[in-house]
Amino acid sequence: MELRNLIINGISPQGRKDIIKKYKMNNFSYYNREKITTDLKKTEFDLLIIGGGITGAGIALDAASRGMKVALIEKNDFASGTSSKSTKLIHGGLRYLKQFDFWLVKEVGTERAIVHKLAPHLVVPEKMILPLIDGGTYGSWLTSIGLKVYDILASVEGEDKRKMLDKEEALEKEPLLPETILNGAGYYAEYRTDDARLTIEVLKTALDYDAKMINYTEATEFIYEENRVVGANVKDTISGEEFAIKSKYVVNACGPWVDELRQINHSKIGKRLHLTKGVHLVVAHEKLPVKQSVYFDVPDGRMMFAIPRGKVTYFGTTDTNYQKDKNTVETNLVDATYLISAVNNMFPEINISLDDVQSSWAGLRPLIHEEGKSASELSRKDEIFVSETELISIAGGKLTGYRKMAERIVDLVGKKYERRFNKEFGEIKTDEIVLSGGAFKNSSEVKSYTDAIQNRIAEVDFTRIDAEYLVHNYGKQTDIILQKFDDIMHDNMQEKMIKAEVWFAINYEMATNPTDFFMRRTGRLFFNSESVHQFKNFVLSEFKTAFSWDIKTTENHQKELKHYIKMATTFE
Ligand code: FAD
């Protein structure tokens with residue numbers, strides 16, 4: 001029977017087993033770490049990717065699905081760099097029209113629809129309103145033409161096409177807008193996602209093509225033969241073990257750390273990275289009760305987003321030059337007050353204060369430096385650098401364009417490979433590869449599935465918001481989690497659900513500690529911080545039991561989580 005029918009029409013025990021068999025993802029588990037390490041040591045790969053953000057993940061899936069033997073290593077947790085700190089939009093980048101970056105608008109605009117098709121539960125349509133205000137960046141004429149060009153470049157069709165609203169229509173859509181200075185609005189379609197989950201689902205899909213991938217493993221130096229990079233020496237940062245990974249080609253997809261690896265390769269010459277920091281704050285939805293996403297003017301001439309998500313609204317971002325430690329990027333008081341005053345300025349009925357902030361995140365844009373340009377003027381286009389020793393580095397770009405960035409890298413590797421080793425690989429096919437958990441035809445199927453999940457969990461007192469959380473996070477894999485939920489003997493239903501989620505994160509998604517779980521497997525630290533406070537000790541004890549941690553290890557992970565909670569909630 002079709003998997004889809006099985007799930008929507010109620011699932012027999014055999015059906016559930018079939019689903020679990022189909023999603024044979026438990027190779028992607030901490031428990032399998034030794035086996036993965038053995039494979040990494042003994043195989044000569046075609047492509048070794050350094051960096052487990054969205055760029056590295058996209059390359060891994062593309063290369064593996066074209067038949068390359070692929071390895072990927074990540075020094076921290078997957079998506080722990082910029083790929084869990086973005087605005088979490090799969091979008092066409094309207095602002096790039098202002099920079100006349102038509103090519104970028106066309107590429108990311110077209111990509112939105114493809115990525116939505118590959119994971120409709122995770123890349124969710126989101127209407128955006130762009131208020132036109134006195135003295136704002138976009139006048140009515142420019143917005144109308146701009147959004148029209150945007151629609152054409154991105155091949156936007158049907159209901160998603162832009163509409164221009166007059167003042168009354170704009171206020172009806174978003175009553176919080178500033179009536180006295182409002183002249184109307186542009187109304188158009190974008191997509192919202194969870195960047196870390198997207199990265200993890202892309203990685204899990206690469207697993208289906210036998211890519212070998214591991215987190216907490218850092219590249220420390222390169223291995224050379226005949227003046228070519230043919231692998232890397234790496235260190236497992238959990239066990240401390242050092243070993244070598246051999247590969248015909250090596251890609252440096254280290255985002256903000258790209259130049260560090262180029263430095264190790266003695267190839268940091270010519271173009272270099274220019275890092276800018278972007279911060280987002282999260283408040284309860286009732287504190288900023290926008291009805292849909294708003295893309296609005298800030299008095300200093302920049303633009304910001306306010307995006308509703310479940311019980312919260314988040315807003316951002318800043319764009320400031322950054323030269324400090326890349327491993328601990330913090331939201332400071334200046335960032336927080338800038339964002340709060342921008343929101344209070346745009347929405348006159350709102351009066352948010354620092355005390356209202358539930359959570360925050362700060363990330364680094366790995367942009368390419370251009371002499372004389374300010375942070376927000378720098379292009380978001382990706383660039384590839386190939387060193388004399390054939391280390392291939394990629395930087396810049398967008399979450400949205402990950403598939404096309406991967407295509408450019410794998411095409412390049414494929415050509416080089418053919419010339420040197422006389423072997424060809426297939427054409428790109430990632431536009432047809434559904435991401436794990438994403439087996440839905442379209443958004444209305446996601447909705448029916450969410451209805452079915454809601455019915456199922458309503459019996460044990462969960463709500464629509466809980467069903468949406470599960471489906472947006474895990475897609476059809478929600479069934480695996482609910483199967484586990486049914487099997488667990490535990491009285492407290494909330495804890496029982498968390499238990500099932502932790503079990504899934506450990507067994508299917510290579511989570512190794514509570515911080516991985518709360519930040520990158522579930523996004524709870526950002527979007528449901530209350531649940532982190534409520535369940536942090538419970539989750540810690542689940543991990544302790546799962547991995548038989550001693551007291552010291554348990555304390556270290558407790559401290560680590562405490563550190564990240566503090567980073568997200570205090571501003572110095
Ligand atoms: P990263 O995610 O940083 O991944 C690089 C990885 O390499 C890291 O995980 C790091 O730990 C690892 N690494 C580093 N050194 C080593 C080593 N020696 N060995 C092993 N691993 C190593 N794009 C959009 O499309 N939509 C948006 O809404 C959007 N909003 C944004 C908002 C902000 C504030 C920012 C900062 C960016 C935003 N972007 C957005 C851009 C997008 O987030 C980035 O382009 C993308 O996430 C970069 O991914 P990456 O994989 O290149 O880098």
Side-chain angles (χ1 to χ4, degrees), residues 52-58 61 77-91 111-112 114-126 128 190-205 215 255 278 280-282 285 293 305-317 358-363 398-403 434-438 440 443 446 449-450 453 465-478 481 501 504-505 508-511 515-529 531-532 564 568:
I54 191 65
T55 308
L61 175 57
D77 186 22
F78 301 118
S80 59
T82 305
S83 300
S84 52
K85 318 280 173 44
S86 76
T87 308
K88 303 173 196 295
L89 289 174
I90 294 296
H91 65 149
E111 277 304 292
R112 299 179 311 175
I114 297 175
V115 188
H116 166 66
K117 181 187 81 176
L118 303 178
H121 67 290
L122 185 55
V123 179
V124 182
E126 174 77 33
M128 187 76 70
E190 295 280 25
Y191 296 87
R192 154 172 86 71
T193 191
D194 182 303
D195 43 10
R197 284 226 54 93
L198 181 65
T199 304
I200 284 159
E201 298 300 8
V202 173
L203 289 166
K204 280 159 57 186
T205 311
N215 51 3
H280 293 83
L281 301 183
V282 185
H285 185 251
S293 295
F305 292 102
I307 302 172
R309 187 178 186 121
K311 293 181 190 164
V312 299
T313 302
Y314 65 96
F315 50 96
T317 166
Q358 294 185 348
S359 187
S360 75
W361 64 90
K398 305 274 300 162
L399 185 77
T400 308
Y402 80 88
R403 226 183 45 81
V434 169
L435 299 184
S436 65
F440 300 96
S443 298
V446 175
Y449 180 69
T450 312
I453 294 295
I465 288 195
D466 298 316
E468 284 174 352
Y469 159 78
L470 287 169
V471 175
H472 289 318
N473 254 17
Y474 305 109
K476 293 247 165 115
Q477 300 159 112
T478 302
I481 291 170
E501 280 190 84
F504 183 75
Y508 291 81
E509 302 199 323
M510 228 188 250
T515 308
D516 293 350
F517 176 76
F518 282 124
M519 284 181 86
R520 293 165 292 267
R521 300 304 179 283
T522 64
R524 282 173 184 265
L525 183 60
F526 304 133
F527 301 116
N528 190 352
S529 54
S531 77
V532 180
Y564 283 105

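Quick caveat: nothing in here was measured; it's all calculated off a predicted structure.
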We want to know whether [X] and [Y] form a side-chain donor-acceptor pair, criterion being a heavy-atom distance below 3.5 angstrom.
{"X": "K204", "Y": "Q477", "value": "yes"}
{"X": "R524", "Y": "S531", "value": "yes"}
{"X": "E126", "Y": "S293", "value": "yes"}
{"X": "E201", "Y": "S436", "value": "yes"}

Query - Nearest non-hydrogen partners of L525 and Y564, listed with the distance - result: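 Taking every non-hydrogen atom into account, CD2-O, 3.9 Å.
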
Requested in this report: Taking all non-hydrogen atoms of both residues into account, name the closest pair between Y191 and H116 and its distance.
Outcome: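 Heavy atoms of Y191 and H116 come nearest at CE2-CG, 3.5 Å.
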
So does [Y] get a backbone contact from the side chain of [X], meaning a donor-acceptor N/O pair under 3.5 Å?
{"X": "T450", "Y": "A467", "answer": "no"}
{"X": "T313", "Y": "I307", "answer": "no"}
{"X": "R197", "Y": "R521", "answer": "yes"}
{"X": "T193", "Y": "D195", "answer": "no"}
{"X": "N215", "Y": "F78", "answer": "no"}

Query raised in the report: Hey, mind stepping through M519 and F526 against side chain to side chain contact (heavy atoms under 4.5 Å, CB included) and telling me if it holds?
Result: CA-CA 7 Å; M519 284 181 86; F526 304 133; 3.9 Å; yes

Query raised in the report: Stepwise, does the side chain to side chain contact (heavy atoms under 4.5 Å, CB included) test hold for T522 with E501?
Result: CA-CA 9 Å; T522 64; E501 280 190 84; 3.6 Å; yes

Query - F504 ring center near Y474 ring center (under 6.0 Å) - result: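 Yes: the rings meet the under 6.0 Å criterion.
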
Query raised in the report: For F527, is the NZ or CZ atom of K311 found under 6.0 angstrom from the centre of its six-membered ring and inside 45 degrees of the ring axis?
Result: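 Not satisfied by the 6.0 Å and 45° rule.
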
Requested in this report: Using side chain to side chain contact (heavy atoms under 4.5 Å, CB included) as the criterion, point out the one residue from V202, L61, T55 that pairs with Y402.
Outcome: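 It is V202; the other options fail the test.
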
Report task. Look at the rings of H280 and Y314 and say which category their plane angle falls in: under 30° parallel, 30 to 60° tilted, over 60° perpendicular. Result ->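 Rings of H280 and Y314: perpendicular, as their planes differ by over 60°.
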
